[in-house]
Number of protein chains: 2
Amino acid sequence: MALEHAILVSLSERAASGAELTRRFDASIGYFWTATHQQIYRVLGRMETDGWITAESVPQPDRPTTKVYAVTAAGHAELRRWIAEPTAPDPVRSTLGVKMRGASYGDRAALLDDLRHQLDEHTKRHSLYEFLAARDFPDPAALDDAGRDIYLVLRGGLLMEEFWIRWLTEYLDAHTKEIP
Amino acid sequence: MALEHAILVSLSERAASGAELTRRFDASIGYFWTATHQQIYRVLGRMETDGWITAESVPQPDRPTTKVYAVTAAGHAELRRWIAEPTAPDPVRSTLGVKMRGASYGDRAALLDDLRHQLDEHTKRHSLYEFLAARDFPDPAALDDAGRDIYLVLRGGLLMEEFWIRWLTEYLDAHTKEIP
DNA sequence: TCAAACATGTAACAAGTTACATGATTTG
DNA sequence: CAAATCATGTAACTTGTTACATGTTTGA
């Protein structure tokens with residue numbers, strides 16, 4: 001399981017409440033690991049029981065008191081252990097791959113419409129990542145190691161979007177009869 | 001859920017037993033959808049109950065009798081329905097992304113070793129896909145629609161491996177201090 | 001002040017994984 | 001003929017999803 005470890009990484013960067021973590025999993029971390037708030041709260045509970053994190057109740061002036069979680073020494077040790085461990089490949093599950101392969105047994109025109117929409121979404125997301133890279137990392141060569149890691153993971157997101165754009169374009173082109 | 005539908009696609013191409021399906025999910029279909037035999041048998045049972053497939057016991061000369069599954073009209077209708085349905089993005093879960101981002105909180109040298117191994121594996125897999133493409137699809141332009149779909153999904157696997165090779169190479173290069 | 005949104009959950013269910021089981025069958 | 005493999009499963013557990021609950025706070 002890597003949700004625990006994704007949370008450990010995020011909390012190592014900066015302590016946070018459950019809600020703040022949820023927001024991070026909707027944004028930056030969400031680009032390579034998704035989780036809903038229900039999952040996050042459940043796992044936070046388990047991690048606290050296991051002693052990987054501690055919760056501190058922080059009363060706030062004009063907001064309800066929130067629990068802020070921070071990584072313990074045990075949590076840090078676990079994260080170190082996990083990072084050094086050999087990584088098994090993530091399971092592959094591509095719904096679009098299944099649909100493309102099965103197109104002959106369904107409505108190909110409807111699928112092509114869907115794929116055009118997917119291509120659109122991936123193109124938009126690619127632009128977003130390019131914008132974020134330019135805004136937050138104007139000079140990648142000047143980054144320290146930790147900053148470089150964040151930048152390179154964003155690069156991964158960008159390359160992934162390029163993969164999608166290539167694949168979808170190739171499929172759409174191959175199945176679009178040219179009208180002379 | 002798409003495992004049902006991946007099975008429907010596979011059985012539409014050709015009827016098969018549970019074991020044969022398992023083999024397909026270890027090979028061609030496995031390149032974009034993974035499933036273990038336990039999952040497959042369980043889902044086959046449910047699909048039979050739902051009337052999407054029928055099982056025919058086929059006694060074989062010198063082998064034990066196997067159950068061969070085939071898609072029913074109801075199964076075909078369901079597959080058509082599902083293919084035309086708008087596709088929600090698959091959840092993103094990249095263990096290596098989490099590790100790359102957390103490298104500062106662990107043993108970076110160990111991670112880089114792991115990543116070099118991953119790069120190796122993806123390079124091998126890329127070669128395999130290139131070999132399969134050359135062997136099975138020497139003339140892509142000559143394919144019919146169904147054949148083209150199979151070819152294009154293989155192309156997707158190839159492009160995916162190229163994504164991995166790019167990302168891993170970029171990460172490794174960025175974290176490899178040049179020795180002058 | 002009422003409605004919407006926020007923060008923090010619980011419960012029930014579905015999907016996926018790991019470990020084990022059983023009989024037939026080929027092979028060394 | 002014993003060991004390994006194949007084909008077909010069952011059971012228990014973990015992870016992930018969907019639907020609901022409850023109190024707080026901000027904004028129209």
Side-chain angles (χ1 to χ4, degrees), chain A residues 1-8 11 15-27 29-30 32-50 53 55-69 82 87-95 98, chain B residues 1-8 11 15-27 29-30 32-50 53 55-69 82 87-95 98:
Chain A
M1 231 298 271
L3 177 52
E4 272 96 337
H5 300 100
I7 289 175
L8 284 175
L11 291 180
S17 66
E20 167 62 18
L21 274 173
T22 301
R23 262 177 257 115
R24 293 185 194 169
F25 275 86
D26 282 339
I29 300 187
F32 56 97
W33 200 274
T34 52
T36 60
H37 76 110
Q38 292 89 340
Q39 264 183 286
I40 291 168
Y41 281 112
R42 188 167 24 153
V43 171
L44 282 174
R46 187 165 62 218
M47 291 170 77
E48 199 182 351
T49 304
D50 292 349
I53 56 176
E56 192 195 355
S57 285
V58 176
Q60 291 184 294
D62 52 341
R63 317 221 83 245
T65 296
T66 68
K67 279 205 267 185
V68 172
Y69 295 94
W82 178 78
T87 310
D90 292 311
V92 184
R93 293 205 170 85
S94 167
T95 302
V98 177
Chain B
M1 232 298 272
L3 176 53
E4 272 97 338
H5 300 99
I7 289 176
L8 285 175
L11 291 180
S17 66
E20 167 63 18
L21 274 174
T22 300
R23 261 178 257 115
R24 293 185 193 169
F25 276 86
D26 282 338
I29 301 186
F32 56 97
W33 200 276
T34 52
T36 60
H37 76 109
Q38 292 88 340
Q39 263 183 288
I40 291 168
Y41 280 112
R42 188 166 20 154
V43 171
L44 282 174
R46 187 165 61 219
M47 291 169 77
E48 198 182 352
T49 305
D50 292 348
I53 56 177
E56 192 195 354
S57 284
V58 177
Q60 291 184 295
D62 52 340
R63 316 222 85 243
T65 296
T66 69
K67 279 205 266 184
V68 172
Y69 295 94
W82 178 78
T87 310
D90 292 311
V92 184
R93 293 206 170 86
S94 167
T95 301
V98 177

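Just so it is clear, the model here is predicted, and its values are computed rather than measured. Below, read A as the first sequence line, B as the second, and so on, with proteins coming before strands; counting in each chain starts at 1.
- Map B:Y69 and A:H37 each onto its nearest nucleotide of DNA chain D; the residue landing nearer the 5' end is B:Y69.
- Between atom OG of residue A:S17 and atom OH of residue A:Y69 there is a gap of 8.5 Å, rounded to the nearest 0.5 Å.
- The distance between atom CG of A:D26 and atom P of C:dC6, rounded to the nearest whole Å, is 11 Å.
- Out of D:dA7, D:dT17, C:dT8, the shortest distance to the side chain of B:A19 is found at D:dA7.
- For A:T36, whose side chain is taken as the heavy atoms from C-beta onward, the closest listed nucleotide among C:dT8, D:dT18, D:dA7 is D:dT18.
- Atom CZ in A:R24 sits about 13 Å away from atom P in C:dA7, given to the nearest Å.
- A 4.5 Å side-chain heavy-atom check between B:V68 and B:E20 finds every atom pair outside the cut-off.
- Residue A:Q39 forms a side-chain contact (heavy atoms from CB on, under 4.5 Å) with just one option from A:L44, A:T34, A:I7, A:L3, and that option is A:L3.
- Side-chain contact check for B:D90 versus A:R93: every heavy-atom pair is 4.5 Å or farther apart.
- Between B:R46 and C:dA15, a side-chain N or O to OP1/OP2 separation shorter than 4.0 Å is present.
- For the OP1/OP2 pair of D:dT17 and a distance below 4.0 Å, the side-chain nitrogens and oxygens of A:Q38 include no atom meeting the criterion.
- The side chain of A:Y41 lies closest to C:dG9, out of C:dG16, C:dG9, D:dT17.
- When each of B:S17 and A:T34 is assigned the nucleotide of DNA chain D bearing its nearest heavy atom, the one mapping closer to the 5' terminus is B:S17.
- In this structure, A:I7 places its CD1 atom 13 Å from C1' of D:dG16, rounding to the nearest Å.
- When each of D:dG9, C:dT8, C:dT17 is scored by its nearest atom to the side-chain atoms of A:R93, the top-ranked nucleotide is C:dT17.
- Phosphate contact (OP1/OP2 of D:dA11, side-chain N/O of B:R42, threshold under 4.0 Å): absent.
- In this structure, A:W33 CH2 and B:T95 OG1 are separated by 4.0 Å, a value rounded to the nearest 0.5 Å.
- Atom pair B:L3:CG and C:dT17:P shows a separation of 10 Å (rounding to whole Å applied).
- When the C1' atom of D:dG9 is taken as reference, atom CD1 of B:I40 falls 13 Å away, rounded to whole Å.
- Remark: P of C:dA15 and CG of B:D90 are 15 Å apart, rounded to the nearest angstrom.
- Checking the phosphate oxygens (OP1, OP2) of C:dA7, a side-chain nitrogen or oxygen of A:R23 falls inside 4.0 Å.
- A:Q39 has its CD atom 15 Å from the C1' atom of C:dG9, to the nearest Å.
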